[in-house]
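Worksheet for the structure shown next.
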Amino acid sequence: MLGVFDSGVGGLSVWRELAALLPDAPMMYLADQAHVPYGPRPPDEVRRLTERCARWLIDRGCTVVVIACNTASGAALDALRAAHPATHFVGAEPAIKPAALHTRSGIVGVLATQSTLSSARYASLLARFAGAARVLEQPCPEWVTLVEAGDALTPRALPIIDARLRPLLDAGADVLVLGCTHFPFLLPPIHTVLDARAVQVIDPSPAIAREAARWYDGARLFEPRREFWTTGDPAHFSQLASALLGEDVQGRRVKSQSGESE
Ligand code: DGL
């Protein structure tokens, strides 16, 4: 069983790539919507929440767990790998390396949560891969909320996207890194703001999905088995996930405190 975890519905951007790569693999998605957003929470709390959700997936037979959340990966990936050596964890992190390779202006913008941008993991990525590129960090707390509220494609989104992108564009960034898994769902308004400028937007979800698919050597089924779980409101999850994935999704509720399902 393959597990995909995020604080909310953002990880579905990785899920849809993975489901296309492995149509016959059983897959389980877990959204910790009782605690979304993770971005403003202290790292210790994000680590604790992530550890609890990862354990829930492992207890249900997941042998590969995708932490499809940059914030949770930044806070918890090392601890998870140390605590669960029999599980393979695939994380999400801002794509600094390809961004530094592709920029022509020498200026790269990274869109992520504050927690990701403050993490030691992110500092290490910069030290290893930024090279000569100037990296401008832009925390975008409202973007996660837009997606979780189902407002990604409504007129509400445009001014909120514009306010965060404009300073990066004015500073000369010609490559933008989507450093949060919620953000690929905002690509239509992002491209509206970019207005055909020569700016490359890096969405790392296909690469994360390819890595997870490489590691998965578990069961293959004739009938696809897809399970969706949330610690929040299953009706809200189902409506959102159905709209984002363009298919009928039925989410079930996990009791967030005990970790037991209803
Ligand atoms: N989707 C998550 C990420 O990739 C963060 C969202 C949140 O703040 O909970 O960072």
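In this text the structure is predicted, and so the values were computed from the model without any measurement. Numbering of ligands and ligand atoms starts at 1, following listing order.
By the 6.0 Å and 45° rule, Arg52 does not stack over the aromatic ring of Trp56.
Among all protein heavy atoms, the one lying closest to atom 7 (C) of ligand 1 is Tyr38 N, 3.3 Å. Scanning the protein for heavy atoms near atom 2 (C) of ligand 1, the closest one is Cys69 SG, 3.2 Å.
Per-residue contacts place Pro37 under 4.0 angstrom from the following atoms of ligand 1 (heavy atoms of the residue considered): 7 (C), 8 (O), 9 (O). The contact set between ligand 1 and Asp6, taken as ligand atoms under 4.0 Å from a residue heavy atom, comprises 1 (N), 2 (C). Those atoms of ligand 1 that come under 4.0 Å of a heavy atom in Asn70, given as number and element, are 3 (C), 4 (O), 10 (O). In summary, the atoms of ligand 1 found under 4.0 Å from a heavy atom of Gly39, numbered by their order in the structure, are 7 (C), 8 (O), 9 (O). Listed by atom number, the atoms of ligand 1 under 4.0 Å from Thr71 heavy atoms are 3 (C), 5 (C), 10 (O).
We find that Arg55 and Glu51 are joined by a salt bridge, their nearest charged nitrogen and carboxylate oxygen being less than 4.0 Å apart. Taking the charged nitrogens against the carboxylate oxygens, Asp170 and Arg166 have no contact shorter than 4.0 Å, which rules out a salt bridge.
Counting only heavy atoms from C-beta outward, the side chains of Thr116 and Val110 never approach each other to under 4.5 Å.
The part of Val36 lying near ligand 1 is the side chain, judged by heavy-atom distances below 4.0 Å. Only the side chain of Thr113 comes within 4.0 Å of ligand 1, judged by heavy-atom distances.
Ring geometry for Tyr38 against Phe5 counts as tilted: the plane angle lies between 30° and 60°, on a 0 to 90° scale.
Side-chain atoms of Ser115 never come within 3.5 Å of backbone atoms of Thr71 as a donor-acceptor pair (strictly under, hydrogens ignored).
Put simply, CG on Leu30 and CZ on Phe237 are 9.0 Å apart, with the number rounded to the nearest 0.5 Å.
Between Ser7 and ligand 1, a contact under 3.5 Å exists for at least one N or O pair.
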